[in-house]
Amino acid sequence: MDNILQLWSTSGAAQMTMGQAFMVIIGLLLLFLAIRKGFEPLLLVPIGFGGILANIPGAGLAYSAVENALHAADPATLAAMAQALGVAASDNVKDLAVAYSASGAQEHLLLQQLAQDAGYGNGMLYNFYNVAIASGVAPLVIFMGVGAMTDFGPLLANPRTLFLGAAAQFGIFATVLGAVGLSSIGLMDFSIADAAAIGIIGGADGPTAIYVASMLAPDLLGAIAVAAYSYMALVPMIQPPIMRALTTEAERKIEMVQLRPVSRREKIVFPLVLLILVALLLPAAAPLLGMFCFGNLMKECGVVDRLSDTAQNALINITTIFLGLSVGSKLVADKFLDINTLGILGLGIVAFCIGTASGVLIAKLMNRLGGSPINPLIGSAGVSAVPMAARVSNKVGLESDPHNFLLMHAMGPNVAGVIGSAVAAGVMISLVGG
Amino acid sequence: MDNILQLWSTSGAAQMTMGQAFMVIIGLLLLFLAIRKGFEPLLLVPIGFGGILANIPGAGLAYSAVENALHAADPATLAAMAQALGVAASDNVKDLAVAYSASGAQEHLLLQQLAQDAGYGNGMLYNFYNVAIASGVAPLVIFMGVGAMTDFGPLLANPRTLFLGAAAQFGIFATVLGAVGLSSIGLMDFSIADAAAIGIIGGADGPTAIYVASMLAPDLLGAIAVAAYSYMALVPMIQPPIMRALTTEAERKIEMVQLRPVSRREKIVFPLVLLILVALLLPAAAPLLGMFCFGNLMKECGVVDRLSDTAQNALINITTIFLGLSVGSKLVADKFLDINTLGILGLGIVAFCIGTASGVLIAKLMNRLGGSPINPLIGSAGVSAVPMAARVSNKVGLESDPHNFLLMHAMGPNVAGVIGSAVAAGVMISLVGG
Amino acid sequence: MDNILQLWSTSGAAQMTMGQAFMVIIGLLLLFLAIRKGFEPLLLVPIGFGGILANIPGAGLAYSAVENALHAADPATLAAMAQALGVAASDNVKDLAVAYSASGAQEHLLLQQLAQDAGYGNGMLYNFYNVAIASGVAPLVIFMGVGAMTDFGPLLANPRTLFLGAAAQFGIFATVLGAVGLSSIGLMDFSIADAAAIGIIGGADGPTAIYVASMLAPDLLGAIAVAAYSYMALVPMIQPPIMRALTTEAERKIEMVQLRPVSRREKIVFPLVLLILVALLLPAAAPLLGMFCFGNLMKECGVVDRLSDTAQNALINITTIFLGLSVGSKLVADKFLDINTLGILGLGIVAFCIGTASGVLIAKLMNRLGGSPINPLIGSAGVSAVPMAARVSNKVGLESDPHNFLLMHAMGPNVAGVIGSAVAAGVMISLVGG
Amino acid sequence: MSQGIELMLYGMGTVVLFLALLVVATTAMSRFIGRYFPEPEPPVQAALQRLHAQNKPAGDPNLVAVITAAVHQHRSNK
Amino acid sequence: MSQGIELMLYGMGTVVLFLALLVVATTAMSRFIGRYFPEPEPPVQAALQRLHAQNKPAGDPNLVAVITAAVHQHRSNK
Amino acid sequence: MSQGIELMLYGMGTVVLFLALLVVATTAMSRFIGRYFPEPEPPVQAALQRLHAQNKPAGDPNLVAVITAAVHQHRSNK
Ligand code: NA
Ligand code: NA
Ligand code: NA
């Protein structure tokens with residue numbers, strides 16, 4: 001009989017909170033969007049599934065051994081923990097949790113040991129998160145793979161499009177300002193580090209957003225990653241109205257000069273030029289851009305194709321699986337369900353809109369300043385969201401002139417936006433994280 | 001001269017014990033069975049090879065740094081260790097080993113440091129085991145890959161076959177009872193946790209057995225894994241006599257209703273239904289069944305095929321290599337050569353036989369209760385051992401009626417058996433491991 | 001304004017030292033040699049790129065958290081560290097670094113915690129190095145993959161060529177003697193462990209050299225790996241003059257007896273024979289040769305081809321990427337730029353030359369002793385550098401007789417050289433590292 | 001011994017209960033989908049869609065596809 | 001210096017001794033197999049066997065093969 | 001709030017400055033290569049070279065290629 005009670009009390013149905021039920025539904029919704037609507041499925045399928053796993057009541061997959069021990073609230077264990085922390089009241093789990101997070105490294109180690117001796121272990125997703133994201137390795141490996149998939153040819157043929165990639169990063173910093181502003185008027189409660197991590201959603205680049213969030217605001221990582229990938233999937237809906245509003249029909253019909261051919265040597269040397277520039281100017285961006293350049297060099301140099309193939313396939317796929325599940329671990333109800341999450345979702349879409357507008361407007365400005373004409377529609381591709389944003393530029397352009405193919409021209413600002421976001425990430429880590 | 005002596009004294013021939021020699025032969029035997037007889041070669045080749053490596057005298061590949069220091073028995077190091085443990089006699093290695101395993105976390109860390117400072121390191125296989133199995137990750141990743149290879153179509157076309165998968169798990173629990181019984185009459189010495197880990201051999205599912213054994217009885221893991229994979233390979237010899245004995249010729253000739261086509265949407269939703277049920281009822285099974293459902297969803301959803309392919313190939317292969325070598329590390333002579341190992345081998349085959357019989361008998365019972373007729377031969381497939389057991393059902397069926405193809409019908413209970421074993425694993429971890 | 005100063009002071013240009021600039025150029029040179037000249041690109045591209053990353057000023061990618069804290073030289077952190085180490089002067093970073101490396105495990109843990117609490121983290125390459133090389137796993141996994149690519153057929157057809165593989169290892173030990181000699185006359189400053197690690201360059205086998213260096217002389221690993229791979233790439237230039245000088249035209253024209261066919265069973269049993277011999281005689285070589293034999297057995301046994309394929313592709317490629325970047329982390333200026341590095345480069349080429357000469361001379365000696373004639377040109381292949389050295393033997397042979405194909409005959413000593421170097425590695429780890 | 005019997009009873013009970021619930025849930029799910037969401041797409045189209053999905057790279061779906069297209073256009077522009 | 005000489009002598013000695021023993025063991029092994037276990041299988045059959053093995057998945061050998069077969073039958077049953 | 005404005009100013013400034021320098025460096029690099037190191041190899045040869053490189057294994061480049069060749073020779077010798 002005791003066993004039946006034990007089984008029932010350990011069952012999910014007996015322990016499920018409203019928040020967990022809600023988050024399971026959110027997870028199912030993400031899976032629906034990914035599978036049925038094609039929202040960035042490679043990331044949102046693992047993230048959504050991980051989110052469901054993280055909210056299985058009683059399983060504690062997203063918690064550390066100590067957190068699991070606290071949740072289990074076994075009196076003897078709690079007493080031992082309270083003693084180790086030097087806290088009096090051992091019956092109040094919340095007080096213990098506060099005391100634990102306030103305590104030093106010594107106490108952390110001790111409580112971990114206590115929890116493990118009492119039979120509690122780290123949850124599966126907690127381990128995945130630590131190995132894949134807290135260490136920083138998964139976003140970097142994915143960035144290496146993305147580098148190995150990127151063709152800088154269009155950018156090299158027309159380097160001026162780098163300015164469009166720079167302009168679109170204004171969305172990031174405007175959003176940082178917005179987040180700080182909302183906090184200063186008391187609507188939200190974001191630190192400057194939180195604000196920086198939220199702003200990076202405007203970079204429209206998943207691995208960069210996850211990397212920055214893991215360093216500056218790990219608690220917000222779940223919401224930031226979900227926002228970043230969701231809005232990237234929504235780019236075909238978000239961008240066109242803004243692009244049409246800010247351009248005239250004549251501007252949208254501008255035909256651009258055909259791109260010159262780019263030699264293989266230029267393509268080999270470019271990642272090294274970029275790397276040296278990073279080394280000289282912004283070491284804080286070295287991990288992200290270094291791995292990106294490394295991947296690109298492996299692809300372009302032509303002598304290590306088996307490494308490049310692996311970076312683009314087995315390695316990036318394996319990493320994506322664990323990265324997605326790890327992000328899902330941050331969708332755990334008691335951390336995700338928060339007014340701040342709504343703020344993040346709202347600020348994220350603002351960031352995308354401002355970035356799009358900035359790119360288009362700077363393209364128009366560049367046309368005023370002279371040089372070969374630039375169709376301002378390619379400016380919106382500067383937010384990255386590779387290659388969706390470049391496709392959108394092409395599609396909106398075709399509406400005005402069915403013979404004006406902008407895809408290739410838009411790839412320049414598109415990959416420039418990846419570099420721009422990584423630079424912005426470096427600046428923010430350097431100024432805020434140090 | 002000293003060097004020659006040192007070289008000779010460090011050579012394997014000078015240090016080889018009878019037990020190690022015997023285990024090397026066991027390893028060679030496993031390799032022979034795997035390579036020549038086709039016994040589950042993907043696992044038994046790495047396990048057998050790992051078993052040989054683990055028993056190389058003097059190499060200490062399966063031992064921790066502390067164990068290697070104890071084996072080396074350098075007087076100065078032993079004295080330091082004895083002092084750290086607060087033990088008087090430093091010359092008796094066995095006493096030190098006992099004191100070490102009885103000591104707390106603080107002493108463990110200290111002795112590790114002492115051993116490493118004295119130049120001893122963790123063995124290669126010991127490291128593999130910790131990373132792959134002690135962390136739980138390797139069986140889970142393999143389960144994800146198996147999920148990505150599994151087609152639930154036959155099960156969905158005839159969900160009643162899930163009962164056959166449930167029935168066959170009786171082999172597990174009967175064996176637990178047997179193990180406890182043998183211990184209570186003093187023949188063996190198994191704790192309830194040991195008994196549960198041994199019973200899971202009857203689940204006929206490698207990763208599940210390794211996962212449960214790593215949590216409930218790590219010391220028995222080697223014997224349990226070897227038994228599980230060996231008997232899975234022996235299914236074509238173990239099952240047919242039982243199946244024939246328990247069925248009449250008429251029963252074996254029963255033709256089953258043709259399976260209805262199953263839509264892609266059902267296949268996509270099924271892993272989510274299973275996941276929700278796990279979340280509501282048995283959180284302890286969430287890691288195993290969660291990863292299994294995740295793999296299956298990746299396969300069926302059709303939008304992340306590159307992840308699914310990697311899970312079925314590069315990732316599962318890499319994991320299998322290290323899982324096998326890690327299991328081999330538990331074939332080290334002083335842990336494996338034990339009367340308990342014989343008990344495990346004996347109980348394991350009993351578990352297979354009882355599971356087979358239960359499946360067949362419940363199929364006969366279901367025919368009594370009405371509904372569309374079930375050929376009782378597919379009941380034996382409920383033990384899992386995918387897909388060998390389903391093949392055996394088909395083959396025995398063909399003996400009675402050369403036109404009665406049961407393979408597809410047997411795949412239903414076959415994959416149901418995987419779910420059933422994972423549920424059983426969850427119950428036992430929840431009741432015994434907590 | 002403060003921020004601008006902070007940004008500038010954190011920029012690379014403001015912090016770049018001469019040494020770092022020089023090492024960046026070395027890194028670019030390695031990339032040039034790898035990409036343009038085809039010098040072992042699979043390793044030298046990642047190593048060269050890692051070398052550049054490691055020397056990005058201010059990024060600290062190759063340093064631990066403590067080293068990064070020391071480099072940052074924040075007064076408050078330095079004071080806390082000095083206190084933890086029990087050192088008075090907190091303003092002198094060098095003194096602190098010396099005190100740190102002299103301190104025990106307890107202090108190491110404490111300072112790590114201090115550094116992390118102060119916002120410093122381990123560099124990306126530092127983490128890669130620890131996971132891939134310090135643990136020993138990456139060279140072992142690569143060795144497994146090489147084993148899965150190796151065909152022992154030619155060796156089994158003519159086992160006498162194993163002696164050529166043994167002879168060529170004389171280059172290793174002569175170089176050890178040279179390194180010790182240079183130190184005893186005060187020209188260099190190598191310990192006996194350093195000397196052993198340097199000697200292994202003469203083994204002409206990358207993973208073996210990295211494995212031995214990581215165990216015996218981690219500080220020299222960068223120079224040793226660069227020397228080993230560079231000279232392996234230079235084998236077609238280093239070996240032919242020596243081969244021609246030591247042989248007569250008549251000897252170079254010797255035609256060898258056609259190799260007998262080797263059965264599949266011999267190939268399956270050979271790795272096990274080798275493994276047993278290692279187990280009996282030289283356990284210290286068990287990790288290297290064990291993984292090598294395991295890879296070869298997977299390939300030859302024919303029942304685990306999917307594991308063998310993964311070992312030869314995805315797994316070895318992933319490992320190579322991280323191994324290369326990790327080796328690059330040892331090209332950090334303040335550790336690499338040292339008179340010892342020049343000594344290593346000089347001794348390394350001497351090792352290659354002596355090994356080549358020994359192989360050729362022993363082949364000539366074996367001809368004097370009778371048996372079927374051996375073309376002494378295949379003796380040089382005993383240094384390994386698979387398969388470059390075998391190709392060189394073939395090419396030099398064709399110069400003397402355009403119809404005398406030695407490639408197949410040279411593959412015997414070539415793979416024997418891999419075994420020989422691993423045995424030499426085992427001896428040195430056993431005698432020097434214990 | 002009693003521990004073993006208990007474990008058997010509760011364990012086997014849970015297994016049967018769980019799989020019985022799964023039978024119910026699966027049957028209900030199949031009926032629900034069959035009635036309200038019958039498969040709309042003919043198999044050929046589905047296969048094509050799957051084929052399409054297979055070509056999408058990780059991290060940035062469609063990246064390779066678009067870049068390939070772009071490179072083609074780029075080259076044909078030369 | 002004497003350390004270096006010692007290391008050379010013992011090291012080179014071990015390498016030569018080990019490889020000499022390997023020559024002996026390998027030769028003995030080859031003769032033993034050649035006499036008592038000559039290759040029974042013609043190469044074509046071996047190749048087929050290998051091909052067959054290649055199709056086996058990890059974790060559960062033959063899983064893919066059987067499932068494929070089963071799916072085929074299942075489809076042809078429709 | 002002032003922190004946010006500062007971060008925006010310095011951040012956006014750095015991004016624009018960095019990418020402007022990259023424009024300069026890239027343009028200079030392209031001109032330098034175009035003038036002093038024009039592509040010498042016709043595309044077909046480059047493609048072949050790349051194809052060749054693709055067949056090289058890790059760890060020991062060309063290993064597979066050579067072993068394959070050697071095995072072929074070995075077999076044809078039988
Ligand atoms: Na961007
Ligand atoms: Na089962
Ligand atoms: Na060698």
Side-chain angles (χ1 to χ4, degrees), chain C residues 152 155-157 159-163 165-167 169-170 172-174 176-181 183-185 192 195-196 199 260-266 269-270 272-274 276-278 280-282 285 301-307 309-310 416 419-421 423-424 426-428 430-432, chain E residues 1-69 71:
Chain C
F152 282 117
L155 182 70
L156 287 167
R160 281 202 308 153
T161 55
L162 277 162
F163 286 116
Q169 309 315 315
F170 185 67
I172 293 179
F173 295 102
V176 173
L177 200 61
V180 173
S183 300
S184 74
I185 61 172
I192 182 77
R260 71 171 176 87
V262 173
S263 76
R264 209 160 70 84
R265 286 183 175 170
E266 288 173 77
V269 175
F270 177 74
L272 295 171
V273 168
L274 177 52
I276 301 286
L277 220 55
V278 168
L280 290 178
L281 295 179
L282 201 61
C301 74
V303 292
V304 294
D305 287 350
R306 60 180 285 159
L307 300 186
D309 288 347
T310 296
I419 300 173
S421 305
V423 171
V427 177
M428 299 205 291
S430 169
L431 287 182
V432 175
Chain E
M1 192 69 198
S2 69
Q3 266 187 311
I5 294 174
E6 267 187 57
L7 188 54
M8 187 174 87
L9 289 179
Y10 296 117
M12 204 59 209
T14 308
V15 169
V16 171
L17 179 69
F18 186 92
L19 293 191
L21 281 173
L22 188 56
V23 171
V24 173
T26 302
T27 310
M29 180 269 284
S30 287
R31 277 198 200 147
F32 182 80
I33 287 182
R35 178 166 309 173
Y36 299 105
F37 300 98
E39 201 94 299
E41 33 194 356
V44 173
Q45 194 188 330
L48 278 175
Q49 195 174 327
R50 177 168 294 184
L51 194 74
H52 180 68
Q54 221 156 3
N55 292 326
K56 287 186 193 174
D60 293 288
N62 302 324
L63 183 57
V64 160
V66 161
I67 288 179
T68 309
V71 166

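Nothing here was measured: the structure is a model prediction, and the numbers come from that model. A note on names: the letters A, B, ... follow the listed sequences, proteins ahead of strands, and every chain is numbered from 1.
- The nearest pair of heavy atoms linking E:Ile33 to C:Ser263 is CG2-OG, 4.2 Å.
- Looking at E:Met12, the atoms closer than 4.5 Å to chain C (heavy atoms on both sides) sit in the backbone and in the side chain alike.
- Here C:Leu177 contributes atom CG and E:Leu9 contributes atom CG; the two are 9.0 Å apart, rounded to the nearest 0.5 Å.
- Contact annotation for C:Ala167: only backbone heavy atoms (N, CA, C, O) come within less than 4.5 Å of a heavy atom of chain E.
- When the shell of 6.0 Å around CZ of C:Phe152 is examined, it contains more than 12 heavy atoms from other residues, nucleotides or ligands.
- Shown here for E:Phe18 and C:Leu274, the closest heavy-atom pair between the two residues is CE2-CD1, 3.9 Å.
- Of the residues considered (C:Val273, C:Ile192, C:Leu155), C:Ile192 shows the highest number of contacts with chain E, using heavy-atom pairs under 4.5 Å.
- The parts of E:Leu22 that come within reach of chain C are both its backbone and its side chain, each placing non-hydrogen atoms under 4.5 angstrom from that chain.
- Within the 4.5 angstrom heavy-atom criterion, atoms from both the backbone and the side chain of C:Ala424 approach chain E.
- Nearest heavy atom pair, residue C:Val180 against residue E:Gly4, reads CG2-CA, 4.1 Å.
- Distance check, rounded to the nearest 0.5 Å: CG of C:Leu280 to CG of E:Leu21 gives 9.5 Å.
- Listed here is the closest heavy atom pair of E:Gly11 and C:Val427: CA-CG1, 3.6 Å.
- The two atoms that bring E:Ser30 and C:Arg260 nearest to each other are OG-NH2, 3.3 Å, heavy atoms only.
- Atom-to-atom distance recorded for C:Ile276:CD1 and E:Met29:CE is 12.0 Å, nearest 0.5 angstrom.
- The distance from atom CZ of C:Phe270 to atom OG1 of E:Thr26, rounded to the nearest 0.5 Å, is 4.5 Å.
- Ranked by heavy-atom pairs shorter than 4.5 Å toward chain E, the options C:Thr161, C:Val269, C:Val176 are led by C:Val269.
- Shown here for C:Pro159 and E:Thr27, the closest heavy-atom pair between the two residues is CG-OG1, 3.9 Å.
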